[in-house]
Asks: 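Starting off with a structure, shown below.
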Amino acid sequence: MDTDALNPPEPLDPLDRLIAERACERLVVEFVRTLDLGEPGDVAELFTPDGVWEWAEGDRRIEGREALRAYFGARPADRLSRRLCTNILVTLTSASSATASTYFTTYRVDGHAGGMLPPRLPVQVGHYEDTFRKADGRWLLAARATFLDFGGPTERLGPADSRRRGCGWRGRCRRCRRRCG
């Protein structure tokens with residue numbers, strides 16, 4: 001018999017529950033923002049020291065904050081990626097633990113040298129299954145499992161593709177301050 005069923009967690013105050021759920025949602029968004037726009041290796045700080053990232057299929061499993069830092073920090077410097085996350089559903093399992101599922105779509109190319117690129121199809125569509133743990137007053141990822149429903153290789157841009165001029169705007173551009181188009 002399940003001992004958790006015999007000893008259910010104490011109910012949380014509704015405001016405490018909302019704050020915890022929001023903290024976990026923010027962590028999901030902070031993860032993809034750091035990976036896409038920040039220093040990729042810094043996502044390791046969003047995990048517990050013994051945090052795990054794994055893929056449901058295959059044998060890819062990275063365990064521990066330092067291994068995660070090395071893994072994410074090794075991504076190509078010329079990679080341009082944007083991830084869209086939606087349908088983030090957080091479930092508190094106690095005052096200090098939670099789970100979540102999140103749908104994601106990844107757009108990604110390697111060999112990017114700057115500027116705007118023409119639209120592309122996503123390279124990945126799937127969902128994350130996360131486990132969160134609150135440690136020292138801060139919510140962190142304890143584990144993330146990645147499930148891919150659609151996936152393909154990352155495109156590598158050739159020299160002609162990566163030498164886009166400006167941002168694509170015709171005329172004198174206010175965004176990139178040069179002659180575009």
Asks: Side chains of Thr154 and Arg79: closer than 4.5 Å at any heavy-atom pair?
Replies: yes
Asks: Testing the 3.5 Å rule here: is there a donor-acceptor pair between the side chains of Thr146 and Arg60?
Replies: no
Asks: Check whether Asp36 reaches the backbone of Arg83 with its side chain - one donor and one acceptor, N or O, closer than 3.5 Å.
Replies: yes
Asks: Can you give me the closest heavy-atom contact between Gly126 and Asp149, atom names plus distance?
Replies: CA-OD2, 3.7 Å
Asks: Which heavy atom of Ala20 sits nearest a heavy atom of Leu92, and at what distance?
Replies: CB-CD2, 3.6 Å
Asks: Specify the closest pair of heavy atoms between His112 and Leu157, including all atoms of both residues, with the distance to one decimal.
Replies: CA-CD1, 4.0 Å
Asks: Identify the heavy atoms of Trp139 and Ala23 that sit nearest to each other, and give their distance.
Replies: CD1-CB, 3.5 Å
Asks: Can you say whether the rings of Phe31 and Phe47 are parallel (under 30°), tilted (30 to 60°) or perpendicular (over 60°)?
Replies: perpendicular
Asks: Within a 6.0 Å radius of atom CG on Leu37, are there more than 12 heavy atoms belonging to other residues, nucleotides or ligands?
Replies: yes
Asks: If you look at every heavy atom in Gly41 and Arg69, which pair is closest and at what distance?
Replies: O-CG, 3.7 Å
Asks: Check Arg133 against Ala142 and note the closest heavy-atom contact, atom names and distance.
Replies: NH1-CB, 3.9 Å
Asks: Going by heavy atoms in the side chains, are Leu148 and Phe104 under 4.5 Å from each other?
Replies: yes
Asks: side-chain contact (heavy atoms from CB on, under 4.5 Å) with Ser101: which of Asp130, Val90, Leu89?
Replies: Leu89
Asks: Can you list everything that forms a salt bridge (Lys or Arg N to Asp or Glu O under 4.0 Å) with Arg61? Sequence neighbours excluded, please.
Replies: Glu54, Glu63
Asks: Within the structure provided, determine whether Arg26 and Cys24 are in side-chain contact (heavy-atom separation under 4.5 Å).
Replies: no
Asks: Are the side chain of Arg75 and the backbone N or O of Leu35 linked by a donor-acceptor pair below 3.5 Å?
Replies: yes
Asks: Please determine whether the number of non-hydrogen atoms from other residues, nucleotides or ligands lying under 6.0 Å from atom CZ of Arg33 exceeds 12.
Replies: no
Asks: So if I apply the side-chain contact (heavy atoms from CB on, under 4.5 Å) rule between Thr48 and each of Thr131, Leu141, Leu140, which one comes out positive?
Replies: Leu140
Asks: Are there more than 12 heavy atoms of other residues, nucleotides or ligands under 6.0 Å from atom CZ of Phe150?
Replies: no
Asks: So, is the end of the Arg144 side chain (NZ or CZ) under 6.0 Å from the ring centre of Tyr128 and within 45° of the ring's axis?
Replies: yes
Asks: Apply the hydrophobic cluster definition, ILVMFWY joined by side-chain contacts under 4.5 Å directly or through others, and give me every member besides Leu15.
Replies: Ile19
Asks: For the residue pair Leu46 and Arg138, establish whether any side-chain heavy-atom pair is separated by less than 4.5 Å.
Replies: yes
Asks: If Ile, Leu, Val, Met, Phe, Trp and Tyr residues are connected whenever their side-chain heavy atoms lie under 4.5 Å apart, and connections chain through other members, are Val29 and Leu18 in the same group?
Replies: no
Asks: For residues 74-96, which residue pairs qualify under ring pair (Phe, Tyr, Trp, His ring centres under 6.0 Å), counting only residues two or more places apart or in two chains?
Replies: none
Asks: Is there side-chain contact between Glu155 and Leu117, with at least one heavy-atom pair below 4.5 Å?
Replies: no
